[in-house]
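As a basis for the values below, the full set of heavy atoms in this structure was taken, side chains included, without hydrogen atoms, waters or symmetry mates.
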Amino acid sequence: MTNSIGDVEAARAILIVGSNTTEQHPVIGLAVKRAVRKGGAKLIVADPRTIELAGFADVHLRHRPGTDLALLNGLAHVIVAENRHRREFIEARTEGFDEWRAAIGEYPPERVSEMAGVPAADIIRAARLYADNLPAAILYAMGITQHVCGHQNVLAVANLALLTGNIGLPGSGVNPLRGQNNVQGACDMGALPNVFSGYQSVSDSAARGKFVKAWGRIPESEKPGLTVIEMIGAAGSGNIFLNETTNFAHVVLPAASFAEKDGTFTNTERRVQRVRKAINPPGEAKADWEIICEIANRLSHIAGNGRAAWTYADPAEILQEIASLTPSYGGISFDRLEASYGLQWPCPTPDHPGTPILHTERFTRGRGKFSVVHHVEQAEQPDVDYPLTLTTGRRLQQYHTGTMTRRAAGPEFVAPEELVEINPADAATLGVADGGWVTVASRRGEVRARAWVTDRPRPGVVFMTFHFVEALGNVLTNPALDPVAKIPEYKVCAVKVSAALN
């Protein structure tokens, strides 16, 4: 996030795209509601489904799944055509505007209406609301990224913020909402295939030299490693306790839960916060850092090279090493975190207060870049055999594959099973009854679940989650990858639905 969670309530306009915020990020969803109810913020929701926030929105852009990029370009087209962009900001802080402006000339609202299935009048109204109410914030999540053009979708979001000068101001920004706690921290620490901690490239000679000096040895190749998706076929994984994944594992290493260890989490607004052990881990369970160190020491012994010993006294010492090697964490220590509610990186020195808002005066690369990006059709189109489009997401009461939430009586009572959302028009055509059993099939598999006949999805679209192993929606999804980010197209694939016997 370029901005902070609290900034949402300072926004005069909020554009939410690819995020069912109240169910996926309910704390931030509450901030959005307050911004609208108390602050009078204008709300634009772009979602193929009538999610809860659509009821709070000034405009609901109910677009066809997979057409986010065309829609974003269409909004930009209106803003430029009606001279609502911020010329001073563009001239002073950006580059590539003229080439980009020529490209979005291909996306007038009438054409985007045909592509995305949204009335042209709604596109025009949304563009005006976003451009005319400064500051304006964009919130997005995996509904934007989990496409074969996910990387380009993100660039289109950035283009829109640059166009209107909505960068570097309270209440503005480009704000991706991270999928779970500490995923931001994991990325910050280099749990990505192409960077060291702090997003220092593995191909940068200066960065490589620094880490060699600190660690003694790093992989010789400067080529990025594999993404998680690319590794799936080659490796299994364990987790906190036995789950559907660990049933296939040869070794399960018992790890401590968040309440059983000390350390730090970094949340979606880049805030590094202390995690304090409340109870001791049960049995042989260990903190993650202890497990990693023991594995590394055994591997080093077997290989006969590398770091002589991975020996840390505690997580505070690990954070000291992080600070010494990661400029954005350079001023963060346990002592400082103990005396605060956390620090937002970049925090480069011990006396730095942290950075609530990024890019207030300049961009890391110097000037903000307008990127020419064009609409890309989904990898798999509906056809006669598979006439409907499946999109996936979460429900408020459950989380991911239910590893934790399905062990709790409350969530299981409220949301005990998968419900396939299907529009009444489609249900009538298919002879599907509300609450009846249906089979949902794609070219990759099929699942069986109960139907929820509702007008939440637009006609031609069905919605499922991936919470329930009994009807796992991701069995159906398309593994086609974004060529840059290597993210699968989980958010759109072709399926067929048929009534099933009890």
Side-chain angles (χ1 to χ4, degrees), residues 16-25 45-54 62-68 140-150 153 176-180 183 228-229 232 244-245 378-382 386-403 405-406 415 417-423 426 438-452 454 456-482 485-497:
I16 297 178
V17 57
S19 169
N20 182 2
T21 315
T22 55
E23 295 199 58
Q24 296 171 341
H25 301 90
V45 171
D47 198 294
R49 300 164 63 224
T50 305
I51 60 174
E52 181 187 7
L53 282 179
R62 203 180 187 193
H63 60 302
R64 181 169 63 84
T67 60
D68 306 275
Y140 74 88
M142 289 178 282
I144 278 289
T145 57
Q146 290 182 342
H147 295 273
V148 290
C149 58
N153 285 346
L177 309 181
R178 305 312 297 260
Q180 63 190 61
V183 69
V228 172
I229 298 302
I232 287 296
E244 296 303 322
T245 302
Q378 63 199 61
E380 185 177 72
Q381 297 290 330
Y386 299 91
L388 300 173
T389 297
L390 170 69
T391 189
T392 63
R394 302 174 183 166
R395 298 205 189 281
L396 175 63
Q397 298 83 2
Q398 297 286 359
Y399 185 73
H400 273 205
T401 53
T403 303
T405 53
R406 297 203 69 191
E417 63 179 345
E418 180 63 274
L419 296 174
V420 181
E421 293 184 18
I422 183 168
N423 186 275
D426 297 319
V438 295
T439 299
V440 185
S442 74
R443 292 177 175 85
R444 289 154 295 280
E446 66 178 43
V447 298
R448 187 171 172 271
R450 292 187 187 274
W452 177 11
T454 170
R456 282 164 62 95
R458 58 177 284 154
V461 174
V462 295
F463 172 85
M464 292 183 68
T465 73
F466 40 85
H467 301 317
F468 302 92
V469 67
E470 304 91 335
L472 198 56
N474 278 348
V475 168
L476 308 171
T477 53
N478 192 350
L481 299 180
D482 178 299
K486 305 297 177 67
I487 292 175
E489 191 160 64
Y490 287 144
K491 295 305 178 190
V492 56
C493 72
V495 296
K496 60 183 176 183
V497 177

Item to check | Over all atoms of both residues, closest heavy-atom pair of P65 and R458 | outcome: CD-CD, 4.5 Å
Checklist entry - Below 4.5 Å, heavy atoms only, C-beta onward: do L390 and S442 meet side chain to side chain? => result no
Item to check | Atom pair CD (E23) and OH (Y399), whose distance is rounded to the nearest 0.5 Å | outcome: 14.0 Å
Checklist entry - side-chain contact (heavy atoms from CB on, under 4.5 Å) between T389 and Q378: does it pass, once the steps are laid out? => result CA-CA 10 Å; T389 297; Q378 63 199 61; 4.3 Å; yes
Checklist entry - Could R456 and F463 be counted as a cation-pi pair, given that NZ or CZ must be under 6.0 Å from the ring centre and within 45° of the axis? => result no
Item to check | Chi angles and distances behind the side-chain contact (heavy atoms from CB on, under 4.5 Å) call for V497, L388 | outcome: CA-CA 8 Å; V497 177; L388 300 173; 3.7 Å; yes
Item to check | CG on L419 to CZ on R450, rounded to 0.5 Å | outcome: 8.5 Å
Item to check | Atom pair CD1 (I51) and CZ (R62), whose distance is rounded to the nearest 0.5 Å | outcome: 11.5 Å
Checklist entry - In Å and rounded to the nearest 0.5 Å, what is the CZ to CZ distance from R394 to F466? => result 5.0 Å
Item to check | Contacts of E489 that satisfy salt bridge (Lys or Arg N to Asp or Glu O under 4.0 Å) - sequence neighbours left out | outcome: none
Next on the checklist: Do Q24 and L177 make a side-chain contact, defined as non-hydrogen atoms from C-beta onward lying under 4.5 Å apart?
Outcome noted: no
Checklist outcome for this item: Of all heavy-atom pairs linking T22 and E52, the shortest is OG1-OE1, 2.9 Å
Output side-chain donor-acceptor pairs under 3.5 Å for residues 467-480, partner residues at least two apart or in another chain, one line each.
residue	atom	partner	partner atom	Å
H467	ND1	H400	N	3.4
H467	ND1	H400	O	2.6
H467	NE2	R395	N	2.9
E470	OE1	R406	NH1	2.9
E470	OE2	R406	NH1	3.3
E470	OE2	R406	NH2	3.2
T477	OG1	N474	O	3.0
N478	OD1	A480	N	3.1

Checklist entry - Where the side chain of K491 meets the backbone of T392, is there a donor-acceptor pair that is under 3.5 Å apart? => result yes
Checklist outcome for this item: The reported gap from CE in M142 to NE2 in H147 (rounded to nearest 0.5 angstrom) is 11.5 Å
Next on the checklist: Checking E446 now: which residues fulfil salt bridge (Lys or Arg N to Asp or Glu O under 4.0 Å) with it, not counting sequence neighbours?
Outcome noted: none
Next on the checklist: Distance alone, cut at 3.5 Å: any donor-acceptor contact between the side chains of T405 and Q397?
Outcome noted: no
Item to check | Non-hydrogen side-chain atoms of K496 and P387 separated by less than 4.5 Å | outcome: yes
Checklist entry - Can you check side-chain contact (heavy atoms from CB on, under 4.5 Å) on E418 and Q398, steps first, answer last? => result CA-CA 10 Å; E418 180 63 274; Q398 297 286 359; over 6 Å; no
Next on the checklist: Using modelled atom types and a 3.5 Å cut-off, is there a donor and acceptor pairing between side-chain atoms of D426 and backbone atoms of G460?
Outcome noted: yes
Item to check | Heavy-atom side-chain proximity of T391 to V492 below 4.5 angstrom | outcome: no
Checklist entry - Between Y140 and P176, is any pair of side-chain heavy atoms under 4.5 Å apart? => result yes
Checklist outcome for this item: CG (N423) and CZ (R49) are apart, to the nearest 0.5 Å, by 12.5 Å
Checklist outcome for this item: Between S19 and T21 the two heavy atoms that sit nearest each other are OG-OG1, 2.8 Å
